Every structure is written in structure tokens, then in C-alpha cells.
Asker: 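Would you mind keeping the following structure in view while I ask a few things?
Order of the sequence lines fixes the chain letters, A, B, ..., with proteins taken first and strands second; residue numbering starts at 1 for each chain. Here the structure is a predicted model, which means the values were calculated and not measured.
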Amino acid sequence: MATDSWALAVDEQEAAVKSVSGFRLGDSTWGVIKTSTTAEKTDEEEKEDRAAQSLLNKLIRSNLVDNTNQVEVLQRDPNSPLYSVKSFEELRLKPQLLQGVYAMGFNRPSKIQENALSEILVHPPELPQNLIAQSQSGTGKTAAFVLAMLSRVEPADRYPQCLCLSPTYELALQTGKVIEQMGKFHPELKLAYAVRGNKLERGQKINEQIVIGTPGTVLDWCSKLRFIDPKRIKVFVLDEADVMIATQGHQDQSIRIQRMLPRNCQMLLFSATFEDSVWKFAQKVVPDPNIIKLKREEETLDTIKQYYVLCNNRDEKFQALCNLYGAITIAQAMIFCHTRKTASWLAAELSKEGHQVALLSGEMMVEQRAAVIERFREGKEKVLVTTNVCARGIDVEQVSVVINFDLPVDKDGNPDNETYLHRIGRTGRFGKRGLAVNMVDSKHSMNILNRIQEHFNKKIERLDTDDLDEIEKIAN
DNA sequence: AAAAAAT
């Protein structure tokens with residue numbers, strides 16, 4: 001019996017691997033938003049292939065590179081056995097779901113998946129267990145909660161059963177694609193995107209089983225617009241939960257959504273970082289949670305070379321950035337600014353100098369944002385000038401340089417260490433050496449940089465942008 | 001200060 005199912009699994013796996021290069025996101029008939037509608041355009045197909053492949057590569061890698069992670073599990077009921085499954089078969093996933101998992105190139109669960117999925121799925125649906133999980137990006141977090149949702153969902157029931165909240169539009173789209181790919185062998189399963197710009201007619205009802213969205217739209221859809229019946233949601237996922245429940249973040253909306261959910265709804269909180277106060281709040285909001293913390297050596301900071309450039313004002317920062325441009329465009333780069341205004345100014349100035357750059361910030365129209373992030377993913381844009389909207393979660397494989405044109409500071413002007421780590425974490429993963437360059441333009445910002453340096457206890461070296469040899473060196 | 005709503 002066991003041998004049989006293994007043989008089948010391996011067969012499926014081989015079949016899946018063969019079909020990997022052939023599948024397209026646009027094949028999906030899911031959802032309110034369709035990634036593509038026609039099949040004729042070979043250009044379009046190629047584009048989608050590349051996007052899918054890049055997402056795939058990232059997920060495959062995150063599924064493999066985690067042998068050194070240390071996991072800490074805190075169980076609500078200390079007497080219950082500590083489950084940790086070593087294979088997807090043991091999770092007893094539905095065959096269609098298992099097929100989806102293998103089609104994505106997953107062989108065995110990552111550490112976070114082993115533990116999180118065991119905790120989430122071993123208990124019967126009547127007694128769902130809540131979970132707070134912390135693990136770095138690139139450890140398979142997304143796949144973990146996507147699998148959790150797909151396992152719990154009942155495809156025959158045509159109403160929303162799983163709800164996932166993302167902090168930004170771009171991240172919601174990215175996560176949505178993972179859901180689509182993993183669940184694509186469930187033909188009757190559908191996904192709805194509750195994001196800005198996705199308009200429904202009055203009185204319409206969402207009958208897709210899974211909803212991914214941003215807080216504002218989801219709240220509207222659940223409350224006054226009544227597109228979603230929140231009373232029948234079985235699984236509620238908060239991605240990047242620390243931003244979602246931080247006082248300055250989306251707390252109010254997330255809590256209001258959460259209050260509309262039924263009492264027995266399973267709640268899953270996932271994040272890479274949990275600051276102390278947020279952690280406490282999370283435990284208050286989520287009753288009796290199991291807790292999983294994945295301890296990872298600060299690999300991020302070991303594989304990312306950090307520099308700073310000393311300037312006197314914004315114009316000098318701009319000049320220094322122009323000097324760096326040639327070096328950073330070897331692969332892809334992200335440039336972070338503190339405000340939307342600075343970002344659009346910088347993008348305009350760089351193009352005036354003849355440098356091709358793309359701009360992405362929250363003031364743009366959603367259609368435009370979707371197009372820009374797509375072009376960046378495809379590599380058609382090498383340099384992306386952006387705000388904190390892209391600080392978290394956005395995974396573009398070829399990004400090897402992150403530039404902090406403005407250092408990350410919170411609303412009080414103090415260094416924002418979490419955001420710093422998230423920003424530079426967009427690069428430097430898995431063998432590829434990453435590079436972070438911080439632009440300092442005053443005594444004040446030098447002070448902030450020093451405090452960031454102290455916080456991570458990692459040397460940030462000075463870089464002279466007039467020294468082209470040095471730039472060549474760091475770029476390679 | 002950014003993000004997030006059909007406000």
C-alpha cells in the first residue's frame with residue numbers, strides 16, 4: 001500500500017516536472033481577474049512562462065535551502081504529540097493538491113511547512129487550532145499557508161471559505177498566483193482577488209471558495225457591500241502579520257474583518273519579523289495559538305554586502321547614484337525612497353539623465369502598478385524606484401542590489417530596523433551575493449545608519465562612488 | 001511617512 005502510493009507519487013512527480021516548462025499562469029480559468037484571456041499571442045505566452053518559471057525557481061529554492069534552520073514550537077496543549085511530517089504524503093493532502101505541489105517542484109516540506117502544516121492539519125476541522133508563525137522570507141511561508149487553505153477548502157461549496165489578507169496590492173497578486181498554481185488541478189476551485197480596482201456590480205455575491213485581498217477592499221466587501229459572507233469563512237490568514245497588526249499599520253481594518261468571522265474560524269498569522277509589542281498583541285488577538293518560531297542564522301546579513309555613501313545633500317546623493325547606475329544594472333536593482341514624492345522626483349531625474357528606470361508607488365493607478373511590477377519581474381525594467389510599498393515580500397529573483405536613497409525611519413524619525421532588514425532582504429539570496437548601498441546625506445542620517453549598524457551588529461563599510469574601480473569590484 | 005476604500 002505504502003509502496004504503491006509512493007510509486008504513484010514519483011510517477012506524478014516525473015510527469016509534473018516534465019510539464020513544468022509548459023504550463024502558463026494564463027491557463028487558469030480562476031478568479032475574477034484573469035491573468036490572460038487569449039492563447040494566440042506567443043509573446044504573451046513567453047512572458048507568462050518566464051514569470052511562472054521565475055516564481056517557480058524561487059519556490060523550489062526556498063523548499064530546499066533550509067536544512068540548518070532551528071525550529072521552536074510552542075503548543076497550546078503541551079500533552080498533545082509533537083507532529084512533524086517529513087513528506088507531503090503524510091499530510092494526506094487531497095490527490096489533486098498533491099499533484100499541484102509536485103507540479104511546482106516541491107519534493108518534501110520545508111521546515112516551516114513540516115511544522116506549520118502538521119499543526120494546522122492534524123486536528124479535525126471541528127477543532128481547528130490557531131497558529132502564529134515567524135520565519136524569514138524564503139523559507140516557504142507562502143506555500144505553507146496556501147497549502148493550509150487549499151486543504152481546508154470544500155470545492156463543492158460555492159461560497160468563500162478561506163480569506164487571506166496581504167498588506168499591499170502587489171503582494172496580494174503575487175500570493176494569488178501561488179494559490180492558482182498550487183490549486184490548478186482542482187478545476188472547480190476558484191480564487192477571487194479583493195483588491196483595489198476590482199469592481200463588482202451591486203448585489204453581486206462572491207462564490208469563489210478562496211479570497212485573497214488587501215484590508216480596505218476586503219472590509220468593504222464583507223461589510224457594507226456584502227459581496228462576501230464572512231460568517232462562513234473557515235480559515236483566515238494574515239500575511240506579513242506584523243505590519244497588519246502594528247498600531248500604525250492596517251490594525252483597525254484587520255481587526256474589524258476578524259470580528260466578523262465566525263467563532264470557530266481558524267486563524268493563521270505569518271510574518272518574518274515580530275517586534276515585541278506586535279508579538280504580544282498578536283497573542284491577544286489570536287486565542288490559544290500554537291506558536292512556531294523558525295530560528296535562522298542571520299544569513300541575510302552574511303550574504304549581503306552593506307555599504308554607505310557619504311553625501312552632503314540630496315543632489316549629491318543623486319550624483320552618486322548616477323555614478324553607481326552602470327554597476328547596478330548588471331542585474332536588477334531596487335531603489336527605496338521615504339516618500340512617494342521623492343520617488344517620483346528621483347525617477348524623473350534619472351530618466352532626464354538618460355537612465356531607464358521604472359517607478360512604483362501607492363499614488364499610481366492599480367493598472368499601472370500591476371503593469372510595472374510585471375515588467376520588473378520579466379526583467380524588462382532593470383531598475384525600480386519605489387517606496388516601502390515594495391519593502392516586504394516582493395520576490396524578484398534577479399534583484400542583486402538594493403539602494404536606500406533614503407534610510408528607513410519610522411514616523412518619529414527613529415531607525416526602522418525591521419523595514420531595513422526587509423528591504424535589503426529583497427536581494428542576496430541563495431548563493432547570489434547581494435549588495436546594499438545606503439545613501440547618507442547629513443549628520444542626522446549618519447546617526448541613523450550607525451544605529452542600524454549597531455542594531456544588527458554588522459559593519460557597514462564606506463563606499464567612494466568616485467572610485468569606479470571599487471564599484472566594479474563590488475558589482476561583481 | 002506609506003499603505004490601504006467604491007470612503
Asker: A:L219 near the nucleic acid: base, sugar-phosphate alone, or nothing, with a heavy-atom cut-off under 4.0 Å?
Answerer: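 Since no nucleic acid heavy atom lies under 4.0 Å of A:L219, the category is nothing.
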Asker: Nearest to the side chain of A:K199, heavy atoms from C-beta on, is which of B:dA1, B:dA4, B:dA6?
Answerer: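 Out of B:dA1, B:dA4, B:dA6, the nucleotide with an atom closest to A:K199's side chain is B:dA6.
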Asker: Checking all strands, does A:G197 fall into the base, sugar-phosphate, or nothing category for heavy-atom contacts under 4.0 angstrom?
Answerer: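 Here A:G197 touches the backbone only, sparing every base.
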Asker: Rounded to the nearest 0.5 Å, how far apart are CZ of A:F227 and CG of A:L200?
Answerer: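 These two atoms lie 5.0 Å from each other.
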Asker: Scan side-chain atoms only and decide if A:E275 and A:W279 contain a donor-acceptor pair under the 3.5 Å cut-off.
Answerer: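 Per modelled atom types, A:E275 and A:W279 side chains form no pair under 3.5 Å.
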Asker: Starting the side chain at C-beta, find the nucleotide from B:dA6, B:dA1, B:dA2 nearest to A:R340.
Answerer: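 Comparing B:dA6, B:dA1, B:dA2 against the side chain of A:R340, the answer is B:dA2.
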Asker: Okay, side chain of A:S110, backbone of A:G140: is any donor-acceptor separation there less than 3.5 Å?
Answerer: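 No, the answer is negative, given that no donor and acceptor are paired below the 3.5 Å cut-off.
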Asker: Is A:F336 touching bases, backbone alone, or none of the nucleic acid, heavy atoms closer than 4.0 Å?
Answerer: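 If one applies the 4.0 Å heavy-atom cut-off, A:F336 turns out to touch nothing in the nucleic acid.
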Asker: Look at the side chain of A:L200 and decide which nucleotide, out of B:dA4, B:dA2, B:dA6, has an atom nearest to it.
Answerer: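 Of the options given, the side chain of A:L200 lies nearest B:dA6.
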Asker: Atom CE of A:M244 to atom P of B:dA2: distance rounded to whole Å?
Answerer: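 Going from A:M244 (CE) to B:dA2 (P), I get 19 Å.
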Asker: Report yes if at least one side-chain N or O of A:R369 is closer than 4.0 Å to OP1 or OP2 of B:dA3; otherwise report no.
Answerer: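 False: A:R369 side-chain N/O out of range (4.0 Å or more) of B:dA3 OP1/OP2.
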Asker: Between B:dA4, B:dA6, B:dA1, which one does the side chain of A:K411 approach most closely?
Answerer: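 Taking heavy atoms from C-beta onward, the closest nucleotide is B:dA1.
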Asker: Can you check whether A:T387 has a side-chain N or O nearer than 4.0 Å to OP1 or OP2 of B:dA3?
Answerer: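 Yes, such a contact exists.
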Asker: Of the nucleotides B:dA1, B:dA6, B:dA4, which one has an atom closest to the side chain of A:W221?
Answerer: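 The answer is B:dA6.
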Asker: I want to check something: taking the side chain as every heavy atom from C-beta on, are A:P160 and A:E208 in contact at a cut-off of under 4.5 Å?
Answerer: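 Not in contact.
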